[in-house]
Amino acid sequence: MGAYVRLELRRGFRSPVNLVMLTAFPVALYLLWTKVLNLAPQGRQGDLAAYTMVSMATYGAMAGALFIGNTIALERGKGWLRQLAVTPLPAHGYVTAKLLSGAAGALPGIVAVLAAGALLSDVRLSVGTWPALVALIWVGVLPFAALGIAFGYTLRGPAATLAMTAVYFGLSVLGGLWLPVETMPEGMRVLAEYSPAYQAGSLGWRALDGLPPTWSGLGVLTAWTLGFGALGLWCYRRSS
């Protein structure tokens, strides 16, 4: 299983398409928000560049975690799982490798956007805040890796890509990663605060202000992680 995990990690990071999607796209959006549009969030204290940096880092990391499901769907369609079934790889080894690969895929987007904030937007934070942001954002998007596995074992081919793209953009907008939650209507704002994307972003937003995560936020993220994990396990067993 260790060999297969290494294979998955190497394959993911050697793909030019993956690297562009995971790094260049969120960086481009970050620069669009801060350098071109320069839209200061209403009712939000703090620096626009730093706030948007966390939002876009979370947005890019979500893609790296969630779209591991697209790989699973494509491999199912090509019969790769049937080939693995005759190898010594245990049944859970494939799921574990994909989960780790999705988690690792979230890191490039985080690092790239934070680097853009420091080098291109002159974001200045304390030395300890930078690694804390990487860790907090990474932990915050882990539920999406479990959700991606559920999608991968439920849908195939283009249908999986379309469904994950719709969920990805929908959760990103609802979670305040594109526009601050404070600008939303009141009813939508309440719904947004219970979304996994909002709670993932909140980990980093609070760190900018020197605040630790809230217990309620951690509880919401834990609930989403367990729920998506149970869904992914059920979809895997049903597919098997």
Side-chain angles (χ1 to χ4, degrees), residues 12-68 70 102-141 144-145 148 161 164-184 192 195-210:
F13 286 111
R14 284 190 304 196
S15 170
V17 176
N18 284 351
L19 291 178
V20 168
M21 185 184 72
L22 298 179
T23 58
F25 188 55
V27 169
L29 284 177
Y30 172 66
L31 296 177
L32 174 66
W33 249 243
T34 56
K35 297 296 186 181
V36 180
L37 300 179
N38 194 25
L39 297 174
Q42 298 178 0
R44 178 75 191 180
Q45 299 298 322
D47 179 63
L48 168 66
Y51 174 83
T52 310
M53 178 185 71
V54 169
S55 299
M56 290 299 103
T58 306
Y59 176 75
M62 280 175 55
L66 179 62
F67 279 89
I68 195 66
N70 188 50
L107 290 174
I110 299 173
V111 174
V113 176
L114 294 187
L119 300 176
L120 302 178
S121 296
D122 200 32
V123 175
R124 294 294 177 261
L125 303 173
S126 64
V127 175
T129 303
W130 293 105
L133 284 176
V134 174
L136 289 169
I137 296 172
W138 183 75
V139 169
V141 301
F144 297 96
T161 302
M164 282 185 287
T165 301
V167 170
Y168 175 49
F169 283 110
L171 289 177
S172 298
V173 173
L174 179 64
L177 301 181
W178 284 59
L179 292 174
V181 170
E182 290 85 351
T183 64
M184 298 179 180
S195 71
Y198 174 80
Q199 294 300 337
S202 293
L203 296 179
W205 295 328
R206 290 181 62 85
L208 292 177
D209 298 326

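- Closest of all the heavy-atom pairs between Ile137 and Ala57 is CD1-CB, 3.8 Å.
- For the pair Leu203/Gln199, no side-chain contact is recorded, criterion being any heavy-atom separation below 4.5 Å from C-beta on.
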- Can Phe169 and Tyr59 be said to form a side-chain contact (heavy atoms from CB on, under 4.5 Å), step by step? CA-CA 9 Å; Phe169 283 110; Tyr59 176 75; 2.9 Å; yes
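- Judged by distance alone, the side chain of Thr58 and the main-chain N or O of Val54 form a donor-acceptor pair under 3.5 Å.
- Remark: Val134 pairs with Leu107, Ile110, Leu114 by the side chain to side chain contact (heavy atoms under 4.5 Å, CB included) rule, at least two apart or across chains.
- The side chain to side chain contact (heavy atoms under 4.5 Å, CB included) search around Ser121 returns Tyr30, Thr34, Lys35, Ala49, Val123, not counting sequence neighbours.
- Every residue meeting the side chain to side chain donor-acceptor pair (under 3.5 Å) condition with Thr161, not counting sequence neighbours, appears here in chain and number order: Asn70.
- Here the closest heavy-atom approach between residue Ala197 and residue Gly175 is recorded as CB-CA, 4.0 Å.
- Every residue two or more places apart in sequence or in another chain was checked for a side chain to side chain contact (heavy atoms under 4.5 Å, CB included) with Ala132, and none qualifies.
- Residues Phe144 and Tyr168 keep their aromatic ring centres 6.0 Å or farther apart.
- Looking only at distances, no side-chain donor or acceptor of Trp178 sits under 3.5 Å from a matching main-chain atom of Met56.
- At distances below 3.5 Å, not a single donor-acceptor pair connects side-chain atoms of Tyr198 with backbone N or O atoms of Leu171.
- No side-chain heavy atom of Met62 sits less than 4.5 Å from a side-chain heavy atom of Val167.
- With sequence neighbours left out, the side chain to side chain donor-acceptor pair (under 3.5 Å) criterion links Ser55 to Trp205.
- Heavy-atom minimum distance, Gly140 versus Ala200: O-CB, 3.4 Å.
- Closest approach of Ala104 to Pro108, counting heavy atoms only: O-CD, 3.3 Å.
- With sequence neighbours excluded, no residue forms a side chain to side chain donor-acceptor pair (under 3.5 Å) with Ser172.
- Judged by distance alone, the side chain of Arg124 and the main-chain N or O of Ala118 form a donor-acceptor pair under 3.5 Å.
- Between atom CG of residue Leu29 and atom CG of residue Leu177 there is a gap of 11.0 Å, rounded to the nearest 0.5 Å.
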- Task: Mind running side-chain contact (heavy atoms from CB on, under 4.5 Å) on Met164 and Ile68 for me, showing each step along the way?
- Result: CA-CA 10 Å; Met164 282 185 287; Ile68 195 66; over 6 Å; no
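- Using a 4.5 Å cut-off on side-chain heavy atoms (C-beta onward), Leu208 and Leu133 make contact.
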